[in-house]
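Chain naming here is simple, since letters A, B, ... match the order of the sequence lines and numbering starts at 1 in each.
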Amino acid sequence: MTSGVADFGHVPPLPGGQSRRWTDYLPSGMTLLLLPPVLFVLLFFVGPILLMLSRSVYDPEIVDALPRSVIAIGKWDRTGLPDATVKRALVEDLQAAPADAVGRAARRLNSFRPGFNSLLTKTKQSIDDAPEAAAGQAVQLEEIDPRWTDASYWAALANNTSSLTDAYLLAAIDKKRNTQGEIVSVESSQRIYWSIIGRTLMISLVTTIICLVLAFPLAYGIVAAGPRLKLTLLAFVLLPFWTSLLVRSVAWVVLLQREGLVTATVRIFDPDFAGLALVHNRAGVYIAMVHTLLPFAVLPLYAVMGNIPRSLAQASFSLGARPARTFFRVYLPQAAPGLYASGLLVFISAIGYYITPALVGGGQDQLLSYYIATFVNATVNWGMAAALSIVLILLIVVLLLAFYPLMRRSGRAL
Amino acid sequence: MGGADAGAYVRVENVWKSYGAGTPVIKNLNLSVAKGEFLTLLGPSGSGKTTTLMMLAGFEQVSGGAIVLGGRDISSVPPYRRGIGVVFQSYALFPHMTVAENLAYPLTTRGLGRAEIRERVAAALQMIRMSDFASRYPAKLSGGQQQRVAVARAMIFRPGLILMDEPLGALDRQLREEMQREIKDLHDLTGATIVYVTHDQSEALSMSDRIAVFNKGRIEQIGSPQEVYRNPATPFVASFIGETNWLAGTVVSAGEGELKARLSSGEEVLCRSKDGLKAGDEVKIAVRPENIVFDRAPEPASCLKTKTLDLTYLGLCTRIRLARENAGELLAVVSQQVPGGYAKEAAEVWFSRDAAIPFAADAT
């Protein structure tokens with residue numbers, strides 16, 4: 001809170017034209033009232049999210065299961081095979097670690113070197129069964145499985161000697177560390193995330209543009225309408241909020257599918273109509289997303305446009321500017337903050353959309369959030385889910401930073 | 001009133017305006033403005049003065065009749081082709097443009113060269129003494145400064161006609177008087193024709209060459225400030241401009257340039273003659289407070305017996321409330337000391353025949 005005014009009833013009059021911060025009108029103790037919501041947000045929102053995101057770089061499973069091996073392999077120069085100390089450390093680790101911990105580490109290692117899962121579990125099994133272990137005799141890994149002579153397995157282990165890993169973040173942008181520990185692109189057949197990120201951006205951008213193109217004249221119409229028509233139009237804009245997102249998305253499926261209402265309607269006029277699939281493809285995604293996001297585009301635009309005085313356009317006309325010039329030089333710059341606000345709101349909502357594309361989109365129409373959900377729910381790969389979430393957050397932050405100067409500039413004179 | 005002058009620069013001919021099927025807001029308006037004239041449209045809110053201005057500007061369409069500017073019928077010409085400068089009550093400066101950009105706007109729309117625009121903007125800024133504010137945004141200017149920019153922007157493209165819609169309505173009194181003077185000076189300097197809308201009668205009296213008094217969609221009277229003040233054509237004009245005492249009575253005799261009337265309180269008074277008034281007619285007689293004097297007024301004059309109720313000293317003048325015998329109150333405004341007594345004392349007051357203006361009792 002800013003200094004100065006503390007008590008009710010002693011607020012000094014506003015000096016002409018200067019606005020105070022709203023907190024100046026509150027007694028100082030009032031700021032305490034902000035404490036519960038702030039604590040709530042920190043405890044139940046910021047905290048869990050940070051915890052979740054930390055999973056993208058914190059990966060203790062391998063280090064926990066194989067503590068001696070990761071230290072020993074740190075000295076390996078990545079040429080040829082690691083020496084006997086490393087192999088001895090691994091055997092000791094496998095003897096000491098419980099089977100489920102080894103299993104977790106094996107699954108993690110498997111994602112860097114396919115086959116590691118079976119190799120490690122098989123090795124663990126053999127060591128546990130082998131009598132030599134009990135006798136303290138040396139175990140020959142190569143005899144248990146010849147794959148231990150393949151350096152790429154050892155490299156996968158060597159790349160994961162710390163609880164902190166960049167592997168998930170690299171995977172989220174189709175990169176990985178090779179056997180030498182250098183960052184390289186994954187094989188082209190396995191590059192998926194860049195295309196998903198690109199698709200997410202593309203679908204969000206197109207949705208935003210369609211929303212703005214539809215919302216601009218609509219908001220203008222609402223501003224220009226008489227009081228009764230204005231209420232009716234606003235009610236229609238807000239109507240979608242009265243039904244849940246899930247119901248609305250399912251309704252679109254019913255409406256748009258090949259044998260759905262749209263097709264049935266067209267058949268009234270053209271009995272031979274083959275039917276048009278508007279769902280489980282990109283068109284369906286756009287239709288449903290624009291529909292659910294349109295109110296978010298209309299409302300900020302309406303708020304800004306409602307405050308543009310009519311006299312500005314009249315002044316422009318009187319100064320000799322034709323309607324087109326008046327629109328582009330006077331009206332549009334005044335409406336620009338609304339366009340930025342609407343555009344940003346719609347784009348940021350769209351970029352994280354999950355339910356609607358999941359229901360009305362096909363396999364090639366899923367956004368980034370779908371894959372995050374899959375990693376959380378289906379494959380239980382929280383590291384990957386967290387890494388993709390970070391990519392999503394970074395996209396939004398970059399976008400906000402890019403738009404901030406624009407919004408500042410257009411808001412400066414207002 | 002009557003038909004528009006054929007040689008005038010601006011002519012409003014038999015114009016009607018109505019919205020939908022409602023009663024017309026402008027009824028058969030005729031008005032002419034000479035080149036270089038400063039005409040004020042004065043009237044209470046809702047009297048049609050702003051609607052008239054908006055029709056001149058082209059923001060409102062006429063429902064009937066014609067508007068002629070410089071010999072050309074512009075009734076259906078869109079506002080951006082009329083070339084008329086408009087100053088709005090809210091100033092309507094473009095908030096996203098600096099002062100200089102605002103001033104340059106009408107010049108760029110006209111496709112003027114860059115050098116000429118710079119020159120004209122600089123000259124305009126100098127004219128309104130705001131050269132240091134060229135790169136400021138309107139939000140960073142005071143009300144008076146915004147006002148000056150708005151006026152300069154409406155004048156910079158040298159329009160033949162400039163319309164001003166209550167341009168000083170948002171300013172405080174002192175600034176208002178200063179701006180009145182500045183607008184008059186700009187008018188004298190540029191020789192532009194100005195049509196000015198206000199509901200402030202003192203503003204109208206002090207600035208105008210002529211005043212058109214609006215009431216209920218009609219022009220009640222149009223004339224110079226002196227004419228409108230001294231010879232109001234209707235009771236509405238007499239009440240709306242300045243203050244007026246009303247005396248009710250009956251015409252006793254109608255003579256040459258003179259009426260004799262008996263007031264309902266019994267006194268006989270002399271007033272100007274008026275066409276259509278004859279002996280026996282009910283009349284109401286308007287007398288301005290400053291024409292009620294405590295010395296004997298120049299003959300022919302009338303006398304009323306009153307008692308002084310109270311005085312309000314205002315420095316420049318003193319307002320005196322007087323009670324007439326059985327007939328209500330009178331207001332007198334004197335600039336010198338009152339010669340007679342003060343409170344509660346009987347006083348004879350006088351007014352000359354030519355200061356008393358009779359109207360038929362049922363006129364409005």
Contacts with chain B made by residues 206-217 of chain A (heavy-atom distance under 4.5 Å), listed by residue number: none

Residue part contacting chain A, namely of B/Leu93, when any heavy atom lies under 4.5 Å: backbone

Test item: A/Arg310 and B/Phe59 side chains (from C-beta on) under 4.5 Å apart, heavy atoms: no

Residue pair A/Phe317 / B/Val86, side-chain heavy-atom distance below 4.5 Å: no

Atom CZ of A/Phe327: over 12 foreign heavy atoms under 6.0 Å: yes

Segment of B/Thr108 engaging chain A (4.5 angstrom heavy-atom cut-off): both

Close contacts, residues 72-83 of chain B versus chain A, judged by heavy atoms under 4.5 Å: B/Pro79, B/Tyr80, B/Arg81

Least distance between heavy atoms, A/Arg325 atom then B/Tyr105 atom: O-OH, 4.2 Å

Reported CZ-to-CD distance for the pair A/Arg329 and B/Glu101, which is rounded to 0.5 angstrom: 8.0 Å

Nearest atoms (heavy-atom pairs only) where B/Phe88 meets A/Gln314: CE2-OE1, 3.4 Å

B/Thr109 side chain to A/Leu319 backbone, donor-acceptor under 3.5 Å: yes

Atom of B/Arg110, atom of A/Gly320 and distance for their closest heavy-atom approach: NH1-CA, 4.0 Å

Interatomic distance, A/Leu312 atom CG to B/Tyr91 atom OH [nearest 0.5 angstrom]: 14.0 Å

Flag if over 12 foreign heavy atoms under 6.0 Å of CZ, A/Phe236: no

